[in-house]
Amino acid sequence: MTWSRGWPVGAATGVGSMPGTDVREAVRRVLGELPDLPHLPELPARGPGAELTGRAVALLTDLPAEWGPFGWRLVGRPGHDLRLARSLLAEDLDAVQEATDGYVGPLKLQVCGPWTLAATVELGSGDKALADVGARRDLAVSLAEGIGGHVADLLRRVPGASVVVQLDEPLLPAVQSGAVPTASGFATLRSVREQELREHLRLVVDAVVASGAEPVVHCCAAQPPVGLLVAAGARGLSLDATLLTPAEDDAIGTALESGVHLLLGTVPALGTGADTAAASDDARPARTLGRRLGVPPEQLAARVTVTPTCGLAGASPAYALAALGRARTAARRLVDDPEGERG
């Protein structure tokens, strides 16, 4: 039995980031531990250009940026920092191409979403792009164009891939509620109207679809705006299941009824060593949510893909590898032990 969008029931995947600086080793580990839905790992430890915002900056068209004292800033012409960011991304795609020769199946990319990007990139004036209506729009348009080229580049390298693009929006709830600090840090930026939030996210989601990829939106914050994400066209929602409360149940239930798939973070993103003693409990958050939503246990595995709760860049290499294995084990337990009767 296969989910209609391309990966088997009982699959697990990663959120994105991994520890370390050796991308080829990270790719090998991801392919080994997550064979049903591997992802392109991100290695922020390599420095500016390898982190969430820098990787998105590398994709922008006609909006060059440079690394400054407070992060990425839009500038008039490309420079060394942007060339480095693009070089790191190309190196990552090279590593995937080398490791997936002849591969046929799903492959997930992660890209910073337009609202988290606007909240983390500065204008030349020093203000965050989020503070400027025109800059917000320009970033969304540029990112949408860049994603199309990014997917095309991956497909040239791995022609058998069925691409999934995960848009990372960890700061979207803060943008929506007006909790993003100004550049000075002494105040917060005004909240953005829901219509604009939806339209800009929809612009990027539509670009993902136009590229031939499937759009997933990831938001690992508490109180994720599920209804907004679905209205923007997300076909999958990647959420931290350990942070979900009954307040989100109606919106998640409606999303499931409309055919949206859930990627649920159930495995802690941080831990000590390679200890897997808690692995038997890793499916519990998914089962708990399923019971609240009234999903029959035997159907839950078909609606849920298991992930760690967040990226693994802050974990030790040993724990990161263990967490991927735990995610795969938890996903299989949803298939083999849907009621959770085996402890």
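- Residues V165 and P215 form no side-chain contact, since every pair of their non-hydrogen atoms from C-beta on lies 4.5 Å or further apart.
- T307 contributes no side-chain N or O that, together with a main-chain N or O of L263, makes up a donor-acceptor pair within less than 3.5 Å.
- Taking the side chain as every heavy atom from C-beta outward, P225 and P173 approach each other to under 4.5 Å.
- When each of E214, Q110, K108 is checked for a side-chain hydrogen bond (donor to acceptor under 3.5 Å, both in side chains) with Q166, only K108 meets the rule.
- To the nearest 0.5 Å, atom CZ of residue R55 and atom CG of residue D168 are 10.0 Å apart.
- For D240 against G265, the heavy-atom pair with the smallest separation is OD1-O, 3.7 Å.
- Checking side-chain atoms of E51 against main-chain N and O of P44 turns up no donor-acceptor pair under 3.5 Å.
- Side-chain atoms of T309 and T242 form no donor-acceptor pair, as typed in the model, at a separation below 3.5 Å.
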Please step through side-chain contact (heavy atoms from CB on, under 4.5 Å) for the pair T188 and T182, ending with a clear verdict.
CA-CA 5 Å; T188 57; T182 59; 5.7 Å; no
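- Partners of E122 by salt bridge (charged side-chain N to carboxylate O under 4.0 Å, His left out), not counting sequence neighbours, listed by chain and number: R73.
- With contacts defined as side-chain heavy-atom distances shorter than 4.5 Å, the pair V151/V208 does not qualify.
- Under a 3.5 Å cut-off, the side chain of S17 and the backbone N or O of A313 do form a donor-acceptor pair.
- Taking 4.5 Å as the limit, every side-chain heavy atom of E145 sits out of range of all side-chain heavy atoms of L60.
- Grouped by direct or indirect side-chain proximity (heavy atoms under 4.5 Å, Ile/Leu/Val/Met/Phe/Trp/Tyr only), L52 sits alone.
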Full working for side-chain contact (heavy atoms from CB on, under 4.5 Å) between I252 and L239:
CA-CA 10 Å; I252 295 174; L239 309 171; 4.3 Å; yes
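- Contact check on D94 versus R157 returns a salt bridge, with a Lys/Arg side-chain nitrogen under 4.0 Å from an Asp/Glu carboxylate oxygen.
- Cluster partners of L203, by chain and number: V141. The rule joins Ile, Leu, Val, Met, Phe, Trp and Tyr whenever side-chain heavy atoms lie under 4.5 Å apart.
- Residues that satisfy the salt bridge (charged side-chain N to carboxylate O under 4.0 Å, His left out) test with D249, not counting sequence neighbours, are R292.
- Between P268 and Y319, some side-chain heavy-atom pair lies under the 4.5 Å cut-off.
- Residues L262 and L243 fall into different hydrophobic clusters, defined by Ile, Leu, Val, Met, Phe, Trp and Tyr side chains chained together at heavy-atom separations under 4.5 Å.
- The 12-atom threshold is exceeded at CD of E199, counting heavy atoms of other residues, nucleotides or ligands nearer than 6.0 Å.
- A salt bridge links R46 with D92: at least one charged nitrogen is closer than 4.0 Å to a carboxylate oxygen.
- Residues V15 and V260 are members of separate hydrophobic clusters, defined by side-chain heavy-atom contacts under 4.5 angstrom among Ile, Leu, Val, Met, Phe, Trp and Tyr.
- Hydrophobic clustering (side-chain heavy atoms under 4.5 Å, transitive across Ile, Leu, Val, Met, Phe, Trp, Tyr) groups L201 together with V192.
- When every heavy atom of V9 is checked against every heavy atom of R332, the shortest pair comes out as O-NH1, 3.7 Å.
- Rounded to the nearest 0.5 Å, atoms CG (L34) and CG (L31) are 8.5 Å apart.
- Not one N or O on the side chain of T116 forms a donor-acceptor pair closer than 3.5 Å with the backbone of G113.
- The shortest distance between side-chain heavy atoms of D206 and R202 falls below 4.5 Å.
- Partner of C112 under the side-chain contact (heavy atoms from CB on, under 4.5 Å) criterion, chosen from L143, L59, L171, L117: L117.
- Sparse packing is recorded around CZ of R190, with 12 or fewer heavy atoms of other residues, nucleotides or ligands lying under 6.0 Å away.
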Evaluate the side-chain contact (heavy atoms from CB on, under 4.5 Å) criterion for residues E98 and V27: first the C-alpha distance (whole Å), next the side-chain angles of each, then the deciding distance (0.1 Å), finally the verdict.
CA-CA 10 Å; E98 294 167 9; V27 168; over 6 Å; no
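- With values rounded to the nearest 0.5 angstrom, L154 atom CG is found 7.5 Å from L40 atom CG.
- Pairs passing the ring pair (Phe, Tyr, Trp, His ring centres under 6.0 Å) check and including a residue from residues 141-164, sequence neighbours excluded, do not occur.
- Shown here are the side chain to side chain donor-acceptor pair (under 3.5 Å) partners of D132, two or more places apart in sequence or in another chain: there are none.
- Of the possible polar contacts, one joining the T254 side chain to the D250 backbone as a donor-acceptor pair under 3.5 Å is found.
- The structure places SG of C219 at 12.0 Å from CG of L167, a figure rounded to the nearest 0.5 Å.
- Not a single donor-acceptor pair under 3.5 Å links the side chain of S142 to the backbone N or O of D138.
- T61 places no side-chain N or O within donor-acceptor distance of the main-chain N or O of G146, the cut-off being under 3.5 Å.
- V306 and L312 end up in the same hydrophobic cluster when Ile, Leu, Val, Met, Phe, Trp and Tyr side chains are linked at under 4.5 Å.
- In terms of the salt bridge (charged side-chain N to carboxylate O under 4.0 Å, His left out) criterion, E248 has no residue partners (sequence neighbours excluded).
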Kindly determine whether R136 and E196 satisfy side-chain contact (heavy atoms from CB on, under 4.5 Å), including the steps that lead there.
CA-CA 10 Å; R136 299 194 299 242; E196 185 183 352; 2.9 Å; yes
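- From L334, atom CG reaches atom CG of L300 across 5.5 Å, with rounding to the nearest 0.5 Å.
- Under the 4.0 Å criterion applied to side-chain N and carboxylate O atoms, D281 and R284 are assigned as salt-bridge partners.
- In this structure, V163 and L109 have side chains that are in contact, with non-hydrogen atoms separated by less than 4.5 Å.
- Screening residues 47-87 for ring pair (Phe, Tyr, Trp, His ring centres under 6.0 Å) gives W67-W72 as the qualifying pairs, with residues at least two apart or on separate chains.
- Within the structure, ring pair (Phe, Tyr, Trp, His ring centres under 6.0 Å) contacts touching residues 11-34 (residues at least two apart or in different chains) do not occur.
- The side chain to side chain donor-acceptor pair (under 3.5 Å) check on R86 picks up nothing, with sequence neighbours excluded.
- Taking 4.5 Å as the limit, every side-chain heavy atom of L123 sits out of range of all side-chain heavy atoms of K128.
- For R328 against G32, the heavy-atom pair with the smallest separation is NH1-O, 3.6 Å.
- With respect to R29 and E33, no salt bridge is recorded, no charged nitrogen being found less than 4.0 Å from a carboxylate O.
- The minimum heavy-atom distance between A315 and A320, with the atom names listed, is CB-N, 4.2 Å.
- In this structure, A255 and V226 approach most closely via the heavy-atom pair CB-CG1, 4.4 Å.
- Under a hydrophobic clustering in which Ile, Leu, Val, Met, Phe, Trp and Tyr are joined whenever their side-chain heavy atoms come within less than 4.5 Å, directly or via other members, L244 and L293 fall into the same cluster.
- In this structure a side-chain-to-backbone donor-acceptor pair under 3.5 Å is missing from T100 to Y103.
- Under the 4.5 angstrom side-chain criterion for Ile, Leu, Val, Met, Phe, Trp and Tyr, the cluster partners of L84 are L88.
- Within the structure, ring pair (Phe, Tyr, Trp, His ring centres under 6.0 Å) pairs that include any residue of residues 197-246 comprise W115-H200 (at least two apart or interchain).
- Shown here for A26 and L43, the closest heavy-atom pair between the two residues is CB-CD2, 3.9 Å.
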